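One structure is given below, encoded as C-alpha coordinates.
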Amino acid sequence: MRIGVVAPARPVSREGSLRMAAFMALTYPDHDIVFHPQCYFEAGHFAGTDAQRAAAFLEFANDPGFDAIWFARGGYGSNRILDTVMPRLNAAAGRKTYMGFSDMGFLLGALYARRIGHPVHASMASSLGKNDTGEAAGWALGWLIDKDRRALEPSLADGRPAAAFNLAILTSMIGTPWLPDLTDHVLMIEEVDEPLYRIDRMLFQMAHATQLKGIAGVRLGAVSAVVDNGNDFGETIEQIIARWCRDMKVPYLGRAEIGHVELNRVVPFGVA
(Lines give C-alpha, C1' and ligand atoms only; values in the text may rest on other atoms or scores of the structure.)
Protein backbone atom coordinates (compact mmCIF):
# COMPACT_ATOMS: atom_id res chain seq x y z
CA MET A 1 0.00 0.00 0.00
CA ARG A 2 1.13 3.54 -0.77
CA ILE A 3 -0.22 6.16 1.62
CA GLY A 4 -0.22 9.85 0.78
CA VAL A 5 -0.25 12.45 3.54
CA VAL A 6 -1.63 15.97 3.07
CA ALA A 7 -2.47 18.76 5.51
CA PRO A 8 -5.78 20.46 4.64
CA ALA A 9 -5.71 22.49 7.87
CA ARG A 10 -2.57 23.20 9.90
CA PRO A 11 1.07 22.34 9.15
CA VAL A 12 3.13 19.54 10.67
CA SER A 13 6.76 19.55 11.73
CA ARG A 14 9.40 17.67 9.80
CA GLU A 15 10.30 15.97 13.06
CA GLY A 16 6.76 14.65 13.35
CA SER A 17 6.71 13.32 9.79
CA LEU A 18 10.09 11.64 10.26
CA ARG A 19 8.80 10.03 13.45
CA MET A 20 5.80 8.61 11.59
CA ALA A 21 7.93 7.46 8.65
CA ALA A 22 10.21 5.62 11.07
CA PHE A 23 7.20 4.06 12.80
CA MET A 24 5.92 2.85 9.42
CA ALA A 25 9.34 1.44 8.50
CA LEU A 26 9.37 -0.57 11.72
CA THR A 27 5.79 -1.79 11.71
CA TYR A 28 4.92 -2.01 7.99
CA PRO A 29 8.23 -2.10 6.09
CA ASP A 30 6.59 -3.31 2.86
CA HIS A 31 4.36 -0.25 2.61
CA ASP A 32 5.15 3.37 1.76
CA ILE A 33 4.12 6.67 3.30
CA VAL A 34 4.70 9.92 1.40
CA PHE A 35 4.30 13.36 2.98
CA HIS A 36 3.38 16.03 0.45
CA PRO A 37 5.72 19.07 0.68
CA GLN A 38 2.62 21.17 1.36
CA CYS A 39 2.43 19.59 4.84
CA TYR A 40 5.23 21.95 5.92
CA PHE A 41 3.94 25.14 4.30
CA GLU A 42 2.88 28.00 6.55
CA ALA A 43 0.45 30.80 5.71
CA GLY A 44 -0.77 32.38 8.92
CA HIS A 45 -2.79 29.76 10.78
CA PHE A 46 -2.75 27.31 7.87
CA ALA A 47 -0.51 24.81 6.08
CA GLY A 48 -0.31 27.04 3.03
CA THR A 49 -2.96 29.14 1.36
CA ASP A 50 -6.40 27.73 0.62
CA ALA A 51 -5.30 27.24 -2.99
CA GLN A 52 -2.13 25.41 -1.98
CA ARG A 53 -3.93 23.11 0.44
CA ALA A 54 -6.63 22.34 -2.13
CA ALA A 55 -4.08 21.63 -4.85
CA ALA A 56 -2.11 19.24 -2.64
CA PHE A 57 -5.21 17.32 -1.65
CA LEU A 58 -6.38 17.01 -5.26
CA GLU A 59 -2.91 15.99 -6.46
CA PHE A 60 -2.70 13.03 -4.10
CA ALA A 61 -6.40 12.13 -4.07
CA ASN A 62 -6.59 12.00 -7.88
CA ASP A 63 -3.29 10.11 -8.27
CA PRO A 64 -3.96 6.39 -8.91
CA GLY A 65 -0.51 5.66 -7.49
CA PHE A 66 -1.80 6.23 -3.96
CA ASP A 67 -4.13 3.79 -2.24
CA ALA A 68 -5.09 5.99 0.70
CA ILE A 69 -4.96 9.54 2.00
CA TRP A 70 -3.97 9.94 5.64
CA PHE A 71 -4.60 13.45 6.88
CA ALA A 72 -1.66 15.00 8.68
CA ARG A 73 -3.26 17.21 11.30
CA GLY A 74 -6.47 18.87 12.41
CA GLY A 75 -6.87 22.32 13.88
CA TYR A 76 -8.96 24.38 11.51
CA GLY A 77 -9.15 24.91 7.77
CA SER A 78 -10.38 21.95 5.75
CA ASN A 79 -13.87 23.46 5.40
CA ARG A 80 -12.36 26.36 3.43
CA ILE A 81 -11.37 24.08 0.52
CA LEU A 82 -14.55 21.98 0.16
CA ASP A 83 -16.06 24.08 -2.63
CA THR A 84 -12.82 23.81 -4.60
CA VAL A 85 -11.93 20.16 -4.19
CA MET A 86 -15.17 18.20 -4.09
CA PRO A 87 -16.25 18.82 -7.73
CA ARG A 88 -12.75 17.99 -9.01
CA LEU A 89 -12.22 14.52 -7.57
CA ASN A 90 -11.80 11.83 -10.22
CA ALA A 91 -12.39 8.08 -10.41
CA ALA A 92 -9.07 7.31 -8.70
CA ALA A 93 -10.15 9.46 -5.75
CA GLY A 94 -13.32 7.39 -5.49
CA ARG A 95 -11.33 4.22 -4.79
CA LYS A 96 -9.29 5.55 -1.88
CA THR A 97 -9.61 5.38 1.88
CA TYR A 98 -9.46 8.77 3.66
CA MET A 99 -8.41 8.71 7.29
CA GLY A 100 -8.35 11.37 10.00
CA PHE A 101 -10.57 13.08 12.56
CA SER A 102 -11.25 16.38 14.34
CA ASP A 103 -11.26 19.19 11.72
CA MET A 104 -10.94 16.52 9.02
CA GLY A 105 -14.57 15.69 9.76
CA PHE A 106 -15.45 18.38 7.21
CA LEU A 107 -13.74 16.39 4.45
CA LEU A 108 -14.78 12.96 5.74
CA GLY A 109 -18.41 14.06 5.97
CA ALA A 110 -18.41 15.70 2.54
CA LEU A 111 -16.83 12.62 0.96
CA TYR A 112 -19.36 10.33 2.62
CA ALA A 113 -22.25 12.57 1.55
CA ARG A 114 -21.17 12.11 -2.08
CA ARG A 115 -20.16 8.44 -1.67
CA ILE A 116 -16.59 9.22 -2.72
CA GLY A 117 -14.07 6.72 -1.38
CA HIS A 118 -14.08 5.26 2.11
CA PRO A 119 -13.92 7.86 4.91
CA VAL A 120 -12.59 6.66 8.26
CA HIS A 121 -12.50 8.47 11.61
CA ALA A 122 -9.13 7.57 13.17
CA SER A 123 -5.90 9.07 14.43
CA MET A 124 -3.85 11.25 12.12
CA ALA A 125 -0.32 11.03 10.79
CA SER A 126 0.97 13.70 13.20
CA SER A 127 -0.47 12.19 16.38
CA LEU A 128 2.52 9.98 17.20
CA GLY A 129 4.48 11.41 20.10
CA LYS A 130 1.76 13.91 21.04
CA ASN A 131 -1.32 12.32 22.60
CA ASP A 132 -0.41 8.94 21.08
CA THR A 133 2.42 6.67 22.18
CA GLY A 134 1.91 4.56 19.08
CA GLU A 135 -1.15 2.52 20.01
CA ALA A 136 -3.71 4.66 18.14
CA ALA A 137 -1.44 5.08 15.12
CA GLY A 138 -0.85 1.34 15.11
CA TRP A 139 -4.57 0.61 15.18
CA ALA A 140 -5.19 3.17 12.41
CA LEU A 141 -2.56 1.57 10.19
CA GLY A 142 -3.73 -1.91 11.15
CA TRP A 143 -7.19 -1.14 9.85
CA LEU A 144 -5.94 0.77 6.81
CA ILE A 145 -3.49 -1.88 5.64
CA ASP A 146 -4.77 -5.18 7.06
CA LYS A 147 -8.41 -4.39 7.88
CA ASP A 148 -7.64 -5.62 11.38
CA ARG A 149 -11.01 -5.51 13.13
CA ARG A 150 -9.36 -5.28 16.54
CA ALA A 151 -8.74 -1.63 15.68
CA LEU A 152 -12.44 -0.82 15.52
CA GLU A 153 -14.55 0.92 18.12
CA PRO A 154 -15.99 -2.12 19.96
CA SER A 155 -19.65 -1.15 19.52
CA LEU A 156 -19.32 -1.55 15.75
CA ALA A 157 -19.60 -5.30 16.33
CA ASP A 158 -23.37 -4.84 16.21
CA GLY A 159 -23.12 -4.34 12.43
CA ARG A 160 -25.05 -1.07 12.32
CA PRO A 161 -23.79 1.77 10.11
CA ALA A 162 -21.99 4.51 12.01
CA ALA A 163 -20.27 7.84 11.61
CA ALA A 164 -18.05 9.77 14.00
CA PHE A 165 -17.45 13.50 14.33
CA ASN A 166 -15.97 16.10 16.58
CA LEU A 167 -19.04 17.87 17.96
CA ALA A 168 -17.93 21.38 16.93
CA ILE A 169 -17.34 20.18 13.37
CA LEU A 170 -20.67 18.35 13.24
CA THR A 171 -22.62 21.40 14.36
CA SER A 172 -20.73 23.59 11.87
CA MET A 173 -21.87 21.26 9.07
CA ILE A 174 -25.54 21.31 10.07
CA GLY A 175 -27.54 23.35 7.57
CA THR A 176 -24.92 22.95 4.84
CA PRO A 177 -24.89 20.61 1.82
CA TRP A 178 -21.77 18.89 3.19
CA LEU A 179 -23.48 17.02 6.02
CA PRO A 180 -24.19 13.42 4.93
CA ASP A 181 -27.52 11.67 5.36
CA LEU A 182 -27.08 9.72 8.59
CA THR A 183 -30.47 8.02 8.65
CA ASP A 184 -30.23 4.73 10.59
CA HIS A 185 -26.61 5.46 11.56
CA VAL A 186 -25.20 5.45 15.07
CA LEU A 187 -23.72 8.92 15.51
CA MET A 188 -20.56 9.07 17.61
CA ILE A 189 -19.32 12.41 18.87
CA GLU A 190 -16.28 13.63 20.81
CA GLU A 191 -14.99 17.02 21.94
CA VAL A 192 -11.90 18.74 23.32
CA ASP A 193 -10.96 22.12 24.83
CA GLU A 194 -14.51 23.36 25.44
CA PRO A 195 -16.38 24.38 28.62
CA LEU A 196 -19.54 22.45 29.47
CA TYR A 197 -21.85 25.33 28.60
CA ARG A 198 -20.55 25.39 25.01
CA ILE A 199 -20.87 21.61 24.76
CA ASP A 200 -24.44 21.93 26.01
CA ARG A 201 -25.15 24.62 23.40
CA MET A 202 -23.74 22.50 20.58
CA LEU A 203 -25.77 19.51 21.73
CA PHE A 204 -28.89 21.66 21.60
CA GLN A 205 -28.17 22.31 17.93
CA MET A 206 -27.48 18.63 17.27
CA ALA A 207 -30.68 17.56 19.04
CA HIS A 208 -32.88 19.94 17.04
CA ALA A 209 -31.22 19.66 13.62
CA THR A 210 -33.74 18.50 11.02
CA GLN A 211 -30.87 16.99 8.99
CA LEU A 212 -30.22 14.51 11.79
CA LYS A 213 -33.73 13.17 12.13
CA GLY A 214 -33.73 9.41 11.72
CA ILE A 215 -30.39 8.55 13.30
CA ALA A 216 -30.35 5.27 15.23
CA GLY A 217 -28.75 6.62 18.37
CA VAL A 218 -25.83 8.53 19.84
CA ARG A 219 -22.59 7.41 21.46
CA LEU A 220 -20.32 9.77 23.35
CA GLY A 221 -16.57 9.56 22.93
CA ALA A 222 -13.97 11.32 25.04
CA VAL A 223 -14.73 14.83 26.22
CA SER A 224 -11.20 15.86 27.12
CA ALA A 225 -9.35 18.94 28.37
CA VAL A 226 -12.65 20.49 29.48
CA VAL A 227 -12.21 24.23 29.98
CA ASP A 228 -13.19 25.69 33.36
CA ASN A 229 -16.83 26.74 33.19
CA GLY A 230 -16.34 29.58 35.66
CA ASN A 231 -18.79 27.98 38.08
CA ASP A 232 -20.38 24.60 38.67
CA PHE A 233 -22.43 23.79 35.57
CA GLY A 234 -24.68 21.52 37.63
CA GLU A 235 -24.63 18.48 35.36
CA THR A 236 -22.05 15.90 34.35
CA ILE A 237 -21.30 15.28 30.69
CA GLU A 238 -23.25 12.01 30.95
CA GLN A 239 -26.31 13.85 32.26
CA ILE A 240 -25.99 16.48 29.53
CA ILE A 241 -25.81 14.01 26.64
CA ALA A 242 -28.65 11.86 28.07
CA ARG A 243 -30.90 14.91 28.37
CA TRP A 244 -30.33 16.06 24.79
CA CYS A 245 -30.82 12.53 23.47
CA ARG A 246 -34.21 12.52 25.17
CA ASP A 247 -35.03 15.79 23.42
CA MET A 248 -33.82 14.30 20.16
CA LYS A 249 -35.97 11.22 20.82
CA VAL A 250 -33.12 8.85 20.09
CA PRO A 251 -31.44 6.39 22.46
CA TYR A 252 -28.23 7.31 24.20
CA LEU A 253 -26.16 4.19 23.61
CA GLY A 254 -23.26 4.82 25.98
CA ARG A 255 -19.61 5.65 25.47
CA ALA A 256 -17.28 5.18 22.50
CA GLU A 257 -13.49 4.85 22.53
CA ILE A 258 -12.79 7.82 20.25
CA GLY A 259 -11.50 11.34 20.68
CA HIS A 260 -8.48 13.52 21.37
CA VAL A 261 -7.01 10.92 23.70
CA GLU A 262 -4.29 8.29 23.58
CA LEU A 263 -6.60 5.52 22.37
CA ASN A 264 -8.67 6.79 19.47
CA ARG A 265 -10.40 3.78 17.96
CA VAL A 266 -11.23 3.44 14.28
CA VAL A 267 -14.74 4.20 12.99
CA PRO A 268 -15.27 3.68 9.24
CA PHE A 269 -18.23 5.68 7.93
CA GLY A 270 -21.07 3.32 7.05
CA VAL A 271 -20.75 -0.37 7.87
CA ALA A 272 -17.29 -1.51 8.95
Side-chain angles (χ1 to χ4, degrees), residues 3-12 16-17 20 33 35-36 38-39 41 45-48 50 52-61 66 68-86 89 93 96-114 116-128 130-132 136-137 139-141 143-144 151 153 162-174 176 178-180 182 187-193 221-222 224 256 258-261 264-270:
I3 303 167
V5 181
V6 295
R10 302 198 68 189
V12 298
S17 61
M20 180 53 72
I33 187 167
F35 282 77
H36 195 288
Q38 170 270 326
C39 291
F41 290 179
H45 180 89
F46 307 103
D50 291 351
Q52 288 171 325
R53 299 195 322 280
F57 175 71
L58 287 168
E59 180 186 342
F60 273 21
F66 288 104
I69 301 296
W70 196 5
F71 296 121
R73 186 181 176 188
Y76 170 71
S78 69
N79 58 320
R80 292 165 54 122
I81 67 172
L82 292 179
D83 283 323
T84 300
V85 302
M86 296 308 296
L89 292 169
K96 287 180 173 57
T97 297
Y98 298 85
M99 190 166 68
F101 81 117
S102 194
D103 184 78
M104 296 304 108
F106 283 117
L107 274 164
L108 298 175
L111 289 162
Y112 191 57
R114 284 148 186 78
I116 297 172
H118 309 285
V120 177
H121 182 284
S123 291
M124 288 184 282
S126 66
S127 65
L128 191 65
K130 293 183 178 179
N131 60 354
D132 176 17
W139 284 131
L141 288 168
W143 171 258
L144 186 62
E153 152 56 30
F165 287 93
N166 172 266
L167 179 60
I169 303 306
L170 174 70
T171 55
S172 295
M173 296 180 78
I174 290 170
T176 75
W178 306 116
L179 185 69
L182 297 177
L187 175 60
M188 303 184 192
I189 55 172
E190 55 84 22
E191 192 50 87
V192 64
D193 289 331
S224 53
I258 63 168
H260 290 71
V261 289
N264 182 23
R265 293 281 191 176
V266 175
V267 180
F269 281 48

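This is a predicted model, so every value here is computed, not measured. Just so it is clear, the values below take in all heavy atoms, side chains as well, and ignore hydrogens, waters and symmetry mates. The chain is numbered in sequence order, starting from 1.
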Exercise. Can you sort out the partners of R114 under salt bridge (charged side-chain N to carboxylate O under 4.0 Å, His left out), two or more places apart, ordered by chain and number?
Key: none
Practice problem: State, to 0.1 Å, how close C39 and A72 come at their nearest heavy-atom pair, and which atoms those are. | Solution: SG-CB, 4.3 Å
Quiz item: Between M20 and M124, which heavy-atom pair has the shortest distance, and what is it?
Solution: CE-O, 4.4 Å
Self-check item: E191: side chain to side chain donor-acceptor pair (under 3.5 Å) partners, not counting sequence neighbours
Solution: N166
Quiz item: Can any side-chain N or O of N264 pair as donor or acceptor with the backbone N or O of G259 at less than 3.5 Å?
Solution: yes
Quiz prompt | Heavy-atom side-chain proximity of T97 to I69 below 4.5 angstrom | solution = no
Self-check item: Reported CZ-to-CZ distance for the pair R10 and R73, which is rounded to 0.5 angstrom
Solution: 4.5 Å
Quiz item: P8 pairs by side-chain contact (heavy atoms from CB on, under 4.5 Å) with which of F46, F106, F71?
Solution: F71
Practice problem: To the nearest 0.5 Å, tell me how far I116 CD1 sits from L89 CG. | Solution: 5.0 Å
Quiz prompt | Given Y112, F101, F165, the one that forms ring pair (Phe, Tyr, Trp, His ring centres under 6.0 Å) with H121 | solution = F101
Quiz item: Just how far is it from atom CZ of R80 to atom CG of D50, taken to the nearest 0.5 Å?
Solution: 4.0 Å
Self-check item: Residues forming a ring-ring contact (aromatic ring centres under 6.0 Å, His included) with F66, sequence neighbours excluded
Solution: F60
Self-check item: Closest heavy-atom pair and its distance - Y76, D103
Solution: CA-OD1, 3.3 Å
Quiz item: So W143 and V267, side-chain contact (heavy atoms from CB on, under 4.5 Å) or not? Walk me through it.
Solution: CA-CA 10 Å; W143 171 258; V267 180; over 6 Å; no
Quiz item: What distance do M86 atom CE and L107 atom CG have between them, rounded to the nearest 0.5 Å?
Solution: 7.0 Å
Quiz item: Can you name the nearest heavy-atom pair linking V266 to A140, along with the distance?
Solution: CG2-CA, 4.0 Å
Self-check item: Qualifying residues under ring-ring contact (aromatic ring centres under 6.0 Å, His included), relative to F57, sequence neighbours excluded
Solution: none
Quiz item: Atom CD1 in I169, atom CG in N79: separation rounded to 0.5 Å?
Solution: 7.0 Å
Quiz item: Can you list the residues that meet the side chain to side chain contact (heavy atoms under 4.5 Å, CB included) rule with V192, with sequence neighbours excluded?
Solution: S224, A225, H260
Self-check item: Minimal non-hydrogen separation, A110 against L82, with atom names
Solution: CB-CD2, 4.0 Å
Self-check item: Straight-line distance of I33 CD1 to L141 CG, nearest 0.5 Å
Solution: 6.5 Å
Self-check item: Heavy-atom donor-acceptor pair, Q38 side chain to A47 backbone, under 3.5 Å
Solution: yes
Quiz prompt | For the student: nearest non-hydrogen atoms of I258 and R265, plus distance | solution = CG2-O, 3.7 Å
Self-check item: Counterpart residues, ring-ring contact (aromatic ring centres under 6.0 Å, His included), relative to H118 (two or more places apart)
Solution: none
Quiz item: Is the shortest heavy-atom distance from the side chain of V5 to the side chain of V12 under 4.5 Å?
Solution: no
